[in-house]
**Student:** 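I have a structure here, written as structure tokens, and I will follow up with some questions on it.
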Protein chains: 2
Amino acid sequence: MMSDESPARPLTSRELAALIGVSQSAVSRAFTPGSSISSKLRARILGAAHEYGYQPNAIASMMTTKRTKIVGIVVSDMRNPFYPALIERLTQALQRVGFQSLLFNISPGARIEEQLVAIRTYNVDTVIVISATILDDRTLNWAAGGRRAILLNRLSHQDMPTVCCDNVAGARAVVDHFHAIDRHRIGYVAGLAKTAVGMTRQGAFTTRLAELGMRLVGSAGSEAYTFEAGWQGALDLLAARPDAIFFASDILALGGLGALRAAGVRIPEDIAVAGFDDIVMAGWPTNDLTTYRQPVDQLIEKAIEMTLAAEIDEDRLVLLPGELIIRGSTSGD
Amino acid sequence: MMSDESPARPLTSRELAALIGVSQSAVSRAFTPGSSISSKLRARILGAAHEYGYQPNAIASMMTTKRTKIVGIVVSDMRNPFYPALIERLTQALQRVGFQSLLFNISPGARIEEQLVAIRTYNVDTVIVISATILDDRTLNWAAGGRRAILLNRLSHQDMPTVCCDNVAGARAVVDHFHAIDRHRIGYVAGLAKTAVGMTRQGAFTTRLAELGMRLVGSAGSEAYTFEAGWQGALDLLAARPDAIFFASDILALGGLGALRAAGVRIPEDIAVAGFDDIVMAGWPTNDLTTYRQPVDQLIEKAIEMTLAAEIDEDRLVLLPGELIIRGSTSGD
DNA sequence: CCACTTTTTGCAATCGGTTGCAAATCATCA
DNA sequence: TGATGATTTGCAACCGATTGCAAAAAGTGG
């Protein structure tokens, strides 16, 4: 496979065909699984390809098949460590099934549409949208340009294919846990309030609180899922004297933990703290954060399944349950 | 731009040409800057394109121009937060100059070459290699398949175009700082010892120690740039009773800080701690880590420059200085 | 107004594969 | 062995743009 030095210009199928005296279509078929070719000829061609270092040109085959084997991944927040971890595993999983990932990193504020023009011209087979923020459904549809768009860890109001953690179950699990450890004055630090995911978590959280007769003593908004926002949110809540705080994401919770500790609050004795996501840092001994773990592997598996499926008729909205990971920030060890 | 509903099949240049009664080549030229076309005709065509929602098909133009406007980004460690931050800014910068990023996320151990076959078939214009680990020069050359490969934050033994932080300056700056705050029993926690970057940092560090007559009381290896490795490395060093420890990267240092604090060591009174990279978490008040900041923006700027350059004759190895960021982990506030 | 230069436009070949169709080969069975 | 059907192979059109070349149009000067 790594034979010889690569020539300046790579071999074409026609050239390889000429070299070994077969037709060019035979070469093409040799590389196309399931095509009409005898195994003997295929073996001979693959052998020669190996020997001369021929590899089919993916661009050319995109021309005719109109399939690029590329998925566009739309992201906007790689600062929150949850996303890189998700992207890493997603791209690897895609590679395993023969797809490559074209990254569209859209930055807020700037001319969104302009940033998305490329996604149409590159003819990606599928668009996977991870970005929680920014894109509204309409823009998204336009960007996909008729291709399949899959929402990953993000909700929409239309019926686009969606794979998402069950935020309701997650928020409820946290409340139930607070209840179990006998906390009743609860605080909430929201992420981006405008997003569907953010609203779902918050809604389920407050609903469950009410069901159990617990008291939401205060809630703080925030403009972003960042450490600083969590820090500030925690400080904002202190006056309400909560005995437990739920942060809409781990990165917020870490900021909150920092602020609370700096303020001399004992965790979990004075205030229990829980987050959402279970990013790797949540498990670090220095943080030891109770959190609702997103089922990343299953999310990805489902997303891949949707990417490969010919049609997505049923189960357009897949909600997967996660798991509450109880650590020292709520259980007095 | 967002006109109408996108038709199932997007318009081709020939169809648009027919619609408004011009030749297909005119349409092509209208979209090609600097091509021979009157501004009047161009305006008419662009107007019609807008109206009918036509956009040139990038795949087709790749066929003829043999330029894909895609750079392959080879990564292997997205767990270390330094890399996502780098990748985010790199892809955004590339987008700004009209390039898209195809992500090749190679996982260690597995059949590396197999994972890289795609990089050749997709005909990326340039390969930017961020992965510090894994790939040796030979494999890399093969994967690039004659195309330009640029090493970013990584060194090679050949003369491939390289953009890298000045690790020597960085390591020396840290030693000088330890010297300035009067620490003389120094410990070192290495990253992946096998990598060129790792060895450079370590070499410069020990050399400078010697120059200043300071004592390296101990050094710990590690298998990876991870929190856990840093934690373990710090513990390994404790017996040597250092009064300052340099960690080869921030993520290691954070682990080290955790271990040291857990062991009741006061930072910085008992042991001063410094890292390398200046990832965002280093600046969090909870960590407050002194570190050598990598000049990320300049690194990227240079990498983009090399991507766009027709030829890279001179300055094939660009070393950019960073900046020592002094925080609470070394300066007693 | 005409000859001549410069610019604009269209024609048609080309990039490197894929695939429908027909020809050629192989296999099977009477 | 010859007829018949099943496989295998090659031919050639096609995907949707780019671009060299020649024809057409526009601009210039005498």
Side-chain angles (χ1 to χ4, degrees), chain A residues 7-46 48-49 52-70 118 120-125 145-146, chain B residues 7-46 48-49 52-70 118 120-125 145-146:
Chain A
R9 193 177 56 75
L11 225 50
T12 70
S13 63
R14 223 171 295 266
E15 290 165 337
L16 181 69
L19 277 172
I20 58 176
V22 299
S23 78
Q24 181 269 335
S25 7
V27 175
S28 172
R29 283 192 259 256
F31 280 89
T32 311
S35 62
S36 162
I37 187 175
S38 67
S39 49
K40 191 153 36 137
L41 182 56
R42 165 170 284 151
R44 182 151 76 93
I45 291 174
L46 291 182
Y52 293 105
Y54 166 79
Q55 272 179 229
N57 181 329
I59 306 295
S61 81
M62 292 177 196
M63 274 301 296
T64 46
T65 62
K66 288 160 185 282
R67 308 196 53 236
T68 53
K69 291 282 202 170
I70 293 179
R120 311 180 97 223
T121 68
Y122 276 92
N123 272 308
V124 299
D125 289 343
Chain B
R9 193 178 57 73
L11 226 49
T12 70
S13 63
R14 220 172 299 268
E15 291 166 336
L16 181 67
L19 277 172
I20 58 176
V22 301
S23 79
Q24 182 268 335
S25 5
V27 174
S28 171
R29 283 193 260 256
F31 281 89
T32 310
S35 62
S36 164
I37 188 175
S38 67
S39 48
K40 190 153 37 139
L41 182 56
R42 166 170 283 151
R44 182 151 77 94
I45 292 174
L46 291 182
Y52 293 106
Y54 166 79
Q55 273 179 227
N57 181 328
I59 307 295
S61 83
M62 291 177 196
M63 272 304 293
T64 46
T65 62
K66 290 162 184 283
R67 310 197 51 236
T68 52
K69 290 280 201 173
I70 293 179
R120 310 182 96 222
T121 68
Y122 276 92
N123 271 308
V124 298
D125 289 343

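Residue numbering restarts at 1 for every chain, and letters A, B, ... go by the order of the sequence lines. All values reported here derive from a predicted model rather than from experimental measurement. All values below were derived from every heavy atom in this structure, side-chain atoms included, with hydrogens, water molecules and symmetry-related copies excluded.
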**Student:** Do you know the tightest heavy-atom contact between A/A48 and A/I20?
**Tutor:**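 Result for this residue pair: CB-CG2, 3.7 Å.
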**Student:** Taking any atom closer than 4.0 angstrom to a non-hydrogen atom of chain A, what span of DNA chain C does the protein reach, first nucleotide to last?
**Tutor:** C/dG16 to C/dG20
**Student:** Describe, as an angle rounded to 10 degrees, how the axis at the first end of the helix from C/dC1-D/dG30 to C/dA30-D/dT1 is tilted relative to the axis at the last end, five pairs per end.
**Tutor:**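 End-to-end axis angle for the helix from C/dC1-D/dG30 to C/dA30-D/dT1: 30°, rounded to 10°.
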**Student:** Expressed as a whole number of angstroms, how long is the span from B/I45:CD1 to D/dT18:P?
**Tutor:** 12 Å
**Student:** Should A/L41 and A/R44 be marked as a side chain to side chain contact (heavy atoms under 4.5 Å, CB included) after you check the CA-CA gap, both sets of side-chain angles, and the distance that decides it?
**Tutor:** CA-CA 5 Å; A/L41 182 56; A/R44 182 151 76 93; 4.0 Å; yes
**Student:** Using every non-hydrogen atom in the two residues, find where A/D125 and A/R67 come nearest and quote the distance to one decimal.
**Tutor:** OD1-CA, 3.5 Å
**Student:** Would you find a donor on one side and an acceptor on the other, under 3.5 Å apart, between the side chain of A/T68 and the backbone of A/N123?
**Tutor:**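 Checking the backbone N and O of A/N123 against the side chain of A/T68, a donor-acceptor pair under 3.5 Å is found.
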**Student:** Using atom CZ of A/R14 as one end and atom P of D/dC11 as the other, report the distance to the nearest whole Å.
**Tutor:**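 So the CZ-P distance, A/R14 to D/dC11, works out to 11 Å.
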**Student:** Is it the case that the base of D/dC11 and the side chain of A/S25 share a donor-acceptor contact (distance under 3.5 Å, atom types as modelled)?
**Tutor:** yes
**Student:** Just to be sure I understand the rule, does A/I59 reach a base, reach only the sugar-phosphate, or reach nothing, if contact means heavy atoms closer than 4.0 Å?
**Tutor:** nothing
**Student:** Please compare B/S13 and B/R29 by the position of their nearest nucleotide in DNA chain D and report the one closer to 5'.
**Tutor:** B/S13
**Student:** Select base, sugar-phosphate, or nothing to describe what A/S28 touches, counting heavy atoms under 4.0 Å on all strands.
**Tutor:**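 Base contact - A/S28 has a heavy atom under 4.0 Å of at least one base atom.
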**Student:** Begin from the C-alpha positions of A/V27 and A/V22 and carry the test side chain to side chain contact (heavy atoms under 4.5 Å, CB included) through to its verdict.
**Tutor:** CA-CA 8 Å; A/V27 175; A/V22 299; 4.2 Å; yes
**Student:** Within the structure shown, what part of the strands sits under 4.0 Å from B/S36 by heavy-atom distance: base, sugar-phosphate, or nothing?
**Tutor:**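 Base: the residue B/S36, judged by heavy atoms under 4.0 Å, touches a nucleobase.
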**Student:** Which part of the nucleic acid, if any, lies within reach of B/T12 when heavy atoms closer than 4.0 Å are counted: base, sugar-phosphate only, or nothing?
**Tutor:**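 Here B/T12 touches the backbone only, sparing every base.
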**Student:** Grab the two heavy atoms, one from A/R29 and one from A/S35, that are nearest each other, plus how far apart they are.
**Tutor:**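 Nearest pair, atom of A/R29 first, then A/S35: O-OG, 2.8 Å.
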**Student:** Give the minimum heavy-atom separation between A/I45 and A/A30, together with the two atoms involved.
**Tutor:** CG2-CB, 3.6 Å
**Student:** Are any of the side-chain heavy atoms of A/Y54 and A/P56 separated by less than 4.5 Å?
**Tutor:**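 Sidechains of A/P56 and A/Y54: in contact.
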**Student:** With a 4.5 Å heavy-atom cut-off, do B/Y122 and B/I70 have their side chains touching?
**Tutor:**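 No, side chains not in contact.
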